[in-house]
Protein chains: 2
Amino acid sequence: MNRSDREDDILQLLSGRTSVGIAEIATHFSVSEATARRDVQQMAGSGLVRRVRGGATLRGISRLEPLFRDKEDRAARAKRAIAASASSLIRDGNTIYLDGGSTVLSLAPLLDTRRNLTIVTNSVMAAVKLLDTRHRLLLTGGEFRSLSRTLVGPLTEALLEQLQFDIAFMGTMGFSVERGMMTTDPNEAFTKAQAMSRAGTVALLMDSSKFNATALARTGTASDIDILITEAADDSLCQQLAEHHVLVQIATSSNKSLSH
Amino acid sequence: MNRSDREDDILQLLSGRTSVGIAEIATHFSVSEATARRDVQQMAGSGLVRRVRGGATLRGISRLEPLFRDKEDRAARAKRAIAASASSLIRDGNTIYLDGGSTVLSLAPLLDTRRNLTIVTNSVMAAVKLLDTRHRLLLTGGEFRSLSRTLVGPLTEALLEQLQFDIAFMGTMGFSVERGMMTTDPNEAFTKAQAMSRAGTVALLMDSSKFNATALARTGTASDIDILITEAADDSLCQQLAEHHVLVQIATSSNKSLSH
DNA sequence: AGCCAGATGATCACTTTTAATCACTTCTGC
DNA sequence: GCAGAAGTGATTAAAAGTGATCATCTGGCT
């Protein structure tokens, strides 16, 4: 068993779960821990796994895929309701921006009911869903980030600078009134901020599980949001948001209500 | 047993599993290890296997799909041979550009045999195929053209201007020595021209059906091409191309030859 | 805060594999 | 048959992989 074979097999070993220990690798392949450590180190260097103390964890798509799907199942109804509610903001002929994230993604199929839209997105998944759309479709370009399947970075931002949207539909990893919107990757945060700055109206699509969730990088403050669309919100939250001039739109599976 | 025969048989040897050792090849064919090593090296050069310490492995797509079993039409086989031949131009660490078109697209699965590439593309199909690659992936952005499923237009060109490639792998709708490369859409032609201008080496991947086919918009002249990779070419064509300093690389299913 | 077991990275010695080179043989076109 | 090209095997220095050792670092615990 040589080095490259082990590399594949370590991934195999990881396929069922999220992490694997150095000692486990060593015994599994009958090599010293030093070697196991070197393997993991090199794999981390080429981005295959993430190095953690005591072993390695999956990173990128391979881990996110089941997670993504799981999330899709659990909160699918909420997302659909949110997307349906969001689509009511769109008028024929609008230019809209679609951010990454599964909530915004579920907006894509609903766009067929509108005419002559110009759809700009940095989400490769959204682009794929819209491949056969009759609307005008633009991708932002830039560096592909596999975790979120979006395009981010300076190239993306340079291109966004040339554009202007009627509405930007944004997703987020976490949100609170005090801390604003947050996401895991600073590059992505920057790109999100840039996209929002180019929009006449910023609509944040967020299921209630994101409330008070925190993440590394701030993408914007509560005041940057024009309208927040979610499926459950209490009065005090609406109150707080109203102070930041944020409109709150509550989506339900059957109908929707509006609160100021 | 000569060299090319061994080449096929090594693939046969690999068909049931993921890796084969140098020593094993040497004993199996009764040749020295030096020869086995040279065989494997050459096969790795044309992208058929991935060279690892101690032997060779199949990787990625080639391992998942029984590449040599399925029956296909001749065009598909030609495209793959062209792609395999093209992949030998790529070195670890290169920055490459992938144009649209099915011929270039079949290059995508072969990239797994290289390491640390930066892949830039305006082809959404190529991007989708490379979603889970461990290479760095950049999309050009711009307006989505549904016919070719590529991104084109001024935004694309503005972004391309910021980049520089080692090799650009281009496709084309038609080509002749006198008229150069042609495609149907003028916007696309412009984007192609821009991409080529950013590349150190321009490689045109084209099956022979494109010879002397014509289309509306010229994307470039014969002199813009550094190397033409195709599956069939006659001497007079090679002669003509040589006058334009175009290297011609003929791809066959087993090996390849080079003509100046 | 201080302690401690386990994890880590650096280094060394040793083994295996590789790339480069040389000499020799086989093949090919003239 | 001859000359050049390509293939092959052997040799050897360089490179890469491995295991062991040890000083250092980390994170958890009292």
Side-chain angles (χ1 to χ4, degrees), chain A residues 1-11 13-14 17-59 216, chain B residues 1-11 13-14 17-59 85 88 90-93 113-116 234-235 238-239 247-252 254-260:
Chain A
M1 167 86 55
N2 65 16
R3 191 145 165 22
S4 305
D5 286 339
R6 280 203 309 274
E7 191 161 298
D8 285 340
D9 285 11
I10 288 174
L11 288 177
L13 210 57
L14 266 166
R17 49 213 165 116
T18 59
S19 70
V20 64
I22 290 292
E24 188 182 349
I25 293 172
T27 55
H28 187 270
F29 298 105
S30 305
V31 295
S32 71
E33 294 201 349
T35 301
R37 203 162 278 129
R38 272 185 285 244
D39 284 356
V40 166
Q41 187 170 31
Q42 180 147 343
M43 289 174 72
S46 41
L48 291 172
V49 297
R50 189 156 52 97
R51 187 78 172 88
V52 295
R53 193 178 175 75
T57 64
L58 278 180
R59 62 175 274 174
L216 173 64
Chain B
M1 163 97 46
N2 66 14
R3 178 153 198 164
S4 307
D5 290 339
R6 279 204 309 274
E7 195 160 294
D8 286 338
D9 284 11
I10 288 173
L11 288 176
L13 209 58
L14 264 167
R17 50 207 167 124
T18 60
S19 70
V20 64
I22 291 292
E24 189 183 347
I25 294 173
T27 56
H28 187 271
F29 298 105
S30 305
V31 294
S32 71
E33 295 201 348
T35 301
R37 202 162 280 127
R38 272 185 285 245
D39 285 354
V40 166
Q41 187 169 31
Q42 179 149 342
M43 290 172 72
S46 37
L48 293 171
V49 297
R50 161 128 161 253
R51 185 77 172 90
V52 297
R53 194 180 170 77
T57 64
L58 285 179
R59 262 209 87 100
S85 183
S88 68
I90 305 171
R91 299 280 161 264
D92 288 352
T113 60
R114 293 291 185 282
R115 287 173 181 275
N116 298 322
D234 55 48
D235 289 344
C238 293
Q239 189 82 34
L247 209 65
V248 179
Q249 187 166 319
I250 312 288
T252 68
S254 57
N255 56 2
K256 59 186 186 301
S257 63
L258 217 69
S259 143
H260 207 169

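The sequence lines fix the lettering, A, B, ..., with proteins before strands; numbering per chain opens at 1.
Taking CG from B:Asp39 and CZ from B:Phe29, the interatomic distance works out to 8.0 Å, rounded to the nearest 0.5 Å. Taken to the nearest 0.5 Å, the OG1 atom of A:Thr35 stands 10.5 Å off from the CD1 atom of A:Ile22. Rounding to the nearest 0.5 angstrom, the gap separating the CD1 atom in B:Ile10 from the CD atom in B:Gln42 is 10.5 Å. Of the inter-residue distances, the one linking A:Arg50 atom CZ with A:Ser19 atom OG reads 10.0 Å to the nearest 0.5 angstrom. To the nearest 0.5 Å, atoms CD (B:Gln41) and CZ (B:Arg37) are separated by 9.5 Å.
Atom CZ in B:Arg37 sits about 13 Å away from atom P in D:dA10, given to the nearest Å. A:Ile22 places its CD1 atom 15 Å from the C1' atom of D:dT18, with the value rounded to the nearest Å.
Within 4.0 Å (heavy atoms only), B:Gly55 reaches sugar-phosphate atoms of the nucleic acid but no base atom. No engagement by A:Val40 is indicated, since no non-hydrogen atom pair under 4.0 Å with the nucleic acid exists.
Mapping B:Glu33 and B:Arg53 onto DNA chain D via the closest heavy atom, the residue that lands nearer the 5' end is B:Glu33. Between B:Ala34 and A:Thr35, the residue whose closest nucleotide on DNA chain D is further toward the 5' end is B:Ala34.
Fit an axis to the five pairs at each end of the helix from C:dA1-D:dT30 to C:dC30-D:dG1 and the two axes sit 40° apart, to the nearest 10 degrees.
Scanning all heavy atoms of the two residues, the minimum distance from A:Ile25 to A:Val40 falls at CD1-CG2, 3.5 Å.
For A:Asp39, whose side chain is taken as the heavy atoms from C-beta onward, the closest listed nucleotide among D:dG27, D:dT18, D:dA20 is D:dT18. Side-chain atoms of B:Arg38 lie closest to D:dT8 of the nucleotides D:dT8, D:dA16, D:dA20.
Contacts between chain A and DNA chain C, taken as any atom within less than 4.0 angstrom of a protein heavy atom, begin and end at C:dG6 to C:dT11.
Proximity of A:Val31 to A:Arg6: side-chain heavy atoms (C-beta onward) are separated by under 4.5 Å at one or more points.
Between B:Ser32 and D:dT8, a side-chain N or O to OP1/OP2 separation shorter than 4.0 Å is absent.
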